[in-house]
Amino acid sequence: MFEFRDVLYKDILDLPDLEIQAGIVTTLVGPSGSGKSTILRLLNKMTSPTSGKIFFEGKDLAEIPSVEHRRSVAMLTQSPAMFSGTVGDNLLAGFRFQQRPLPEETELQETLYNVHLNKSLASSAMELSGGEKQRLALGRVLLMDATVFLFDEPSSALDEDTERFVIERLTGQAKEKGKTIVLVTHSKAVAETYSDEIVEIAGGKVKGRK
Amino acid sequence: MKGIIDLTIPQILLAYVFVFVVLFIVRARGIKREREILLSSVRMTLQLILTGYVLIYIFENPHPLITIAIILLMEGFAIGTVFQKFKGKLSRKLKRVIALSMSAGTLCCLFYFLLAVVQISPWYDPQYFVPIAGMIVGNSMTGVSLGIKSLTEGMTMQKNLVEEALVLGATPKTATRDIINNTFDGAIMPTINSMLGMGIVFLPGMMTGQILSGIAPTTAIAYQIAIMLGILGSVSLSVILMLVLGYRTFFNEQDQMVDS
């Protein structure tokens, strides 16, 4: 699905050869500052490599219109920003930005359940706790009709039970629908339980694959 | 002309009493501003005297090239003032956008105002062209300045929201919509507010000047109404042009945010 060829990004990443396969859960692990988040940003085209090429489904990413690409490769950032308004407004943010028809309310409720967020759609997004905001942002991304989902530390602000619940649903649903997932996590347990492939990153380089 | 100057010299001298009052206040309170107060008073006096003689010459020798040179000088000075105010904070691309939108916005409104509203003839009549151009360009400069400040601040302070919107599949245009709308609103508010207070809270300068020079208040009011509308149009047009062209300078051709 993704192929890195001689990719350099400033002095942060040096990836002569990295492949991420379609339809599976790939997890990037490694110490903080090793460049994992930057890899996700490259995959989503929020950033472009300093040199080298990234291919998406065989096409050079530089040739694919960025906005279009971001709509098919959805990303949850490490510290997602909340938009002013309600929980519902935030869930619909992606639809509004992409000018797509809005989903039914039941779909929104179901998303809140899937990310373990027990809040009404009308409650204010700004009053949520850190963990709740992160789950809301996760829900917002899951609602997108993307083929690839990139999750940067989706569970860093969650307790263990919630983490297990959320990640299980995340990976389960994605597999059902044949989606590709790239996950960045600090949690060894999460990486080992839910991934099909683990890529170890250190100092901007691939150190190993499992 | 000479008679009027003779008449006003004692009055002008009396007016300088205000400068001494301010000097006394800052000295008594130990505020170190004497130099600037003196300098600004002297500069204002010399600049205005010079302008007065320049205007006399221009009015007596109207020529299209002189009028064009004056408007170019005004635009250049206004654009330069904005650049100076945000020194080191504007990208080259944004500077180009500022120059373009200020020139286009003010010139369109100025020519419409002079040729369609006031209907001056010849088109370069400096008696109308110069003061009206001054008001339109000056007010637009203030509006664009406010706009630039709020646009650059918005793009810095709300960078995470713009990025989040891009991540969620927004185009740069959609992602910056709120910032642009708020900036436009903020930039035209001073003009709107001054229109609200006009005639009640204060009498505007141009109208006051015309009334003092003996023109019927009704004529002065008609001019004031027209020029206020012209200023509103020119401020709005310059600011919106600057915004719709300027937001793009914060993104590269891959629709990624540019590091400032």
Side-chain angles (χ1 to χ4, degrees), chain A residues 9-10 37 40-49 54 60-85 89-100 125-126 133 136-146 149-152, chain B residues 88-89 91-94 96-97 146-147 149-189 240 243-260:
Chain A
Y9 180 74
K10 297 183 180 168
S37 298
L40 289 196
R41 286 175 63 84
L42 287 172
L43 294 177
N44 175 261
K45 228 186 150 184
M46 283 300 287
T47 316
S48 293
I54 300 170
D60 185 354
L61 211 49
E63 310 288 321
I64 302 173
S66 306
V67 174
E68 195 183 289
H69 180 70
R70 288 175 202 140
R71 290 177 183 183
S72 59
V73 179
M75 174 162 81
L76 172 73
T77 54
Q78 199 168 1
S79 39
M82 285 290 119
F83 299 101
S84 60
D89 292 335
N90 271 279
L91 283 178
L92 294 173
F95 290 87
R96 296 225 166 87
F97 287 135
Q98 299 185 19
Q99 292 167 322
R100 282 169 44 193
M126 291 301 158
K133 281 181 183 165
L136 176 56
L138 180 60
R140 187 164 74 185
V141 172
L142 288 176
L143 272 166
M144 298 288 89
D145 185 29
F149 287 94
L150 312 173
F151 299 116
D152 197 350
Chain B
K89 289 181 190 163
S91 64
R92 267 175 77 113
K93 279 186 190 164
L94 191 54
R96 235 177 297 158
V97 166
L146 277 172
K149 184 171 186 299
S150 146
L151 177 68
T152 47
E153 276 179 6
M155 294 300 281
T156 317
M157 310 232 297
Q158 297 179 43
K159 190 176 178 184
N160 59 340
L161 286 178
V162 177
E163 280 240 335
E164 193 66 35
L166 290 181
V167 166
L168 288 168
T171 58
K173 190 177 172 185
T174 320
T176 51
R177 205 188 142 75
D178 284 351
I179 294 179
I180 289 180
N181 285 357
N182 291 336
T183 300
F184 180 73
D185 189 45
I188 63 163
M189 267 331 270
I240 199 70
L243 290 174
V244 296
L245 298 173
Y247 86 90
R248 216 31 256 200
T249 64
F250 293 86
F251 300 90
N252 63 19
E253 66 282 1
Q254 297 282 6
D255 294 333
Q256 298 158 346
M257 278 191 99
V258 188
D259 294 323
S260 45

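Chain naming here is simple, since letters A, B, ... match the order of the sequence lines and numbering starts at 1 in each.
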S.K.: Using the side-chain contact (heavy atoms from CB on, under 4.5 Å) criterion, which residues pair with A/Ser79? Sequence neighbours excluded.
M.R.: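 In terms of side-chain contact (heavy atoms from CB on, under 4.5 Å), with neighbours along the sequence ignored, A/Ser79 is linked to no residue.
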
S.K.: Among residues two or more places apart or on two chains, list those pairs meeting ring-ring contact (aromatic ring centres under 6.0 Å, His included) that have a residue in residues 62-82 of chain A.
M.R.: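 Residue pairs passing ring-ring contact (aromatic ring centres under 6.0 Å, His included), neighbours aside: A/Phe56-A/His69.
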
S.K.: Taking side chain as everything from C-beta outward and backbone as N, CA, C, O, which of these in A/Thr77 sits under 4.5 Å from a heavy atom of chain B? Side chain, backbone, both or neither.
M.R.: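 A/Thr77 touches chain B through side-chain heavy atoms alone.
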
S.K.: Do you know which two heavy atoms are closest between B/Ala165 and A/Phe83, and how far apart they sit?
M.R.: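 Looks like N-CZ, 3.9 Å.
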
S.K.: By a 4.5 Å heavy-atom criterion (distance strictly below it), what part of B/Gln158 contacts chain A: side chain, backbone, both, or neither?
M.R.: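 No part of B/Gln158 comes within 4.5 Å of chain A.
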
S.K.: Please rank A/Ser72, A/Pro80, A/Ala74 by heavy-atom pairs under 4.5 Å with chain B and give me the top one.
M.R.: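 The option with the most such pairs is A/Pro80.
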
S.K.: Taking it one step at a time, do A/Arg41 and B/Gln256 satisfy side-chain contact (heavy atoms from CB on, under 4.5 Å)?
M.R.: CA-CA 11 Å; A/Arg41 286 175 63 84; B/Gln256 298 158 346; over 6 Å; no

S.K.: When rounded to the nearest 0.5 angstrom, what is the spacing between CG in A/Leu76 and CD in B/Glu164?
M.R.: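 So the CG of A/Leu76 and the CD of B/Glu164 are separated by 8.0 Å.
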
S.K.: Using heavy-atom distances under 4.5 Å, tell me whether A/Ala62 contacts chain B through its side chain, its backbone, both, or neither.
M.R.: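 Both parts, heavy atoms under 4.5 Å.
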
S.K.: So if I take each residue of residues 173-186 of chain B and look for any heavy atom under 4.5 Å from a heavy atom in chain A, which residues do I end up with?
M.R.: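 Listed by number: B/Thr174.
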
S.K.: Which atom pair, heavy atoms only, marks the closest approach of A/Val67 to B/Ala170?
M.R.: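 Between these two residues, the closest heavy atoms are CG2-O, 3.9 Å.
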
S.K.: Quick check: does any side chain N or O of A/Gln98 sit under 3.5 Å from a backbone N or O of B/Leu168, one acting as donor and the other as acceptor?
M.R.: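 Such a contact is found between A/Gln98 side chain and B/Leu168 backbone.
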
S.K.: Of all residues at least two apart in sequence or in a different chain, which pass the side-chain hydrogen bond (donor to acceptor under 3.5 Å, both in side chains) check with B/Glu153?
M.R.: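 With sequence neighbours excluded, B/Glu153 shows a side-chain hydrogen bond (donor to acceptor under 3.5 Å, both in side chains) to B/Lys149, given in chain and number order.
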
S.K.: Taking all heavy atoms of B/Thr171 and all of A/Arg71, pick out the closest pair and write down the distance.
M.R.: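 Where B/Thr171 meets A/Arg71 most closely, the heavy atoms are CG2-NH2, 4.3 Å.
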
S.K.: Step by step, would you call A/Arg70 with B/Asp255 a side-chain contact (heavy atoms from CB on, under 4.5 Å)?
M.R.: CA-CA 11 Å; A/Arg70 288 175 202 140; B/Asp255 294 333; 4.1 Å; yes

S.K.: Tell me if a side-chain donor or acceptor on B/Gln254 pairs with a main-chain N or O of A/Ser66 at a distance below 3.5 Å.
M.R.: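 Side chain of B/Gln254 to backbone of A/Ser66, a donor-acceptor pair under 3.5 Å: no, none is there.
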
